Amino acid sequence: ITVKNTGTVAITGGLAIAFGIPAGAHCDYAQRGWSYSQSGATCEYRNATDDLAGTVESSTYPSFVKGDEVCAAGFELGVAHDGGYAQYANVPAEQCLPIPKGLSMIEAASLPETFFTVWSNVFDRARLQPGETLLIQGGTSGIGVTAIQMAKALGAKVFATAGSDEKCAACKALGAD
């Protein structure tokens, strides 16, 4: 997928996405303040954020066509590891999700980071099954909120930790037992 904000783009394979919204995570904010580097070295390339939402400009995949609104996990964007603030990105279809009806691009930009992380760790690696119990540390974090909802949707029993009574109530409202 190639994502585009303006102009034209050459597609090298995958989807071409026109950027609408970059997602932001703690590393993005820290990097923009010159205090974050994944390699431990000084970060000279200042195009943070791994995830984005935008409009498909062109696609070599039949499941996505020009004009589709998608969100994408950009940890493999190929633009100095990041690239969510760029005008264009080529993204493999496997790293894209159609934006669910009712969600704005701003809301959808947050989906890949949390949903792909939870799916990879809780379902692929830990292989959580219906009826099993999951403990989520930090239940009101982005990952925690997503994990509570996904595990409950599967039929798991979910316990979550949080730093205050108010946050614990929020976890229960999301479905934590």
Side-chain angles (χ1 to χ4, degrees), residues 1-3 13-17 19-31 36 38 48-56 59-65 68-79 81-85 89-162 167-168 170-177:
I1 294 175
T2 298
V3 179
L15 300 174
I17 303 172
F19 284 108
I21 302 293
H26 66 284
C27 58
D28 301 307
Y29 305 122
Q31 184 180 15
Y36 178 82
Q38 288 184 332
T49 203
D50 290 343
D51 301 317
L52 59 104
T55 305
V56 173
S59 174
T60 58
Y61 293 88
S63 55
F64 294 103
V65 297
D68 285 349
E69 291 186 337
V70 297
C71 53
F75 45 84
E76 295 287 338
L77 285 177
V79 183
H81 182 74
D82 303 311
Y85 293 124
N90 285 324
V91 182
E94 295 81 15
Q95 291 172 212
C96 296
L97 299 170
I99 293 179
K101 290 188 188 311
L103 286 188
S104 69
M105 279 203 189
I106 291 172
E107 294 164 324
S110 69
L111 294 179
E113 179 80 21
T114 58
F115 280 74
F116 289 0
T117 299
V118 170
W119 189 267
S120 174
N121 287 287
V122 175
F123 300 102
D124 285 345
R125 296 179 80 193
R127 297 192 172 132
L128 182 69
Q129 298 297 311
E132 292 184 336
T133 301
L134 176 66
L135 171 63
I136 299 165
Q137 299 282 0
T140 56
S141 69
I143 298 295
V145 165
T146 302
I148 290 169
Q149 295 175 81
M150 290 178 75
K152 287 304 288 187
L154 175 74
K157 187 167 190 169
V158 177
F159 293 102
T161 65
K167 289 182 178 183
C168 288
C171 290
K172 284 188 173 191
L174 289 166
D177 297 296

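A quick note: this is a predicted structure, and the numbers were derived from the prediction, not measured.
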Can any side-chain N or O of Gln137 pair as donor or acceptor with the backbone N or O of Leu135 at less than 3.5 Å?
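Checking the backbone N and O of Leu135 against the side chain of Gln137, no donor-acceptor pair under 3.5 Å is found.
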Test your reading of the model: is there a side-chain donor-acceptor pair from Thr161 to the backbone of Gly138, 3.5 Å cut-off?
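Yes, Thr161 side chain to Gly138 backbone: donor-acceptor pair under 3.5 Å.
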All pairs passing salt bridge (Lys or Arg N to Asp or Glu O under 4.0 Å) where [range] contributes a residue, at least two apart:
range	result
residues 137-149	none
residues 131-141	none
residues 143-158	Lys152-Asp177

Please identify each residue that fulfils side chain to side chain contact (heavy atoms under 4.5 Å, CB included) with [X], with sequence neighbours left out.
X	result
Ala162	Lys167, Cys168, Cys171
Ser120	Arg125
Pro98	Phe64
Leu97	Cys71, Phe116

Nearest heavy-atom pair of [X] and [Y]: which atoms, and what distance?
X	Y	value
Ala151	Leu128	CB-CD2, 3.8 Å
Ala53	Met105	CB-O, 3.5 Å
Ala160	Gly139	CB-CA, 4.1 Å
Gly144	Ile136	CA-CG2, 3.7 Å
Ile148	Ala176	CG2-N, 3.6 Å
Glu107	Ser104	OE1-N, 2.8 Å

Rounded distance (nearest 0.5 Å) linking atom CG of Leu111 with atom CG of Leu103:
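It is 6.0 Å, given to the nearest 0.5 Å.
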Under the side chain to side chain donor-acceptor pair (under 3.5 Å) test, residues paired with Thr117 that sit two or more places apart
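Here no residue qualifies.
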Test Val56 against Val65 for side-chain contact (heavy atoms from CB on, under 4.5 Å), laying out the working first.
CA-CA 7 Å; Val56 173; Val65 297; over 6 Å; no
Keeping to residues at least two apart or across chains, list the side chain to side chain donor-acceptor pair (under 3.5 Å) pairs with something in residues 141-151.
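For residues 141-151, and leaving out neighbouring residues, the side chain to side chain donor-acceptor pair (under 3.5 Å) pairs sorted by first residue read Thr114-Thr146.
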Would you call Leu174 and Val158 a side-chain contact if the rule is heavy atoms closer than 4.5 Å?
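Not in contact.
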side-chain contact (heavy atoms from CB on, under 4.5 Å) for Val122 and Leu154? Distances and angles first, verdict last.
CA-CA 11 Å; Val122 175; Leu154 175 74; over 6 Å; no
Which residue pairs pass the ring-ring contact (aromatic ring centres under 6.0 Å, His included) test when at least one of the two sits in residues 119-150, sequence neighbours left out?
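Passing the test, one end in residues 119-150: Trp119-Phe123.
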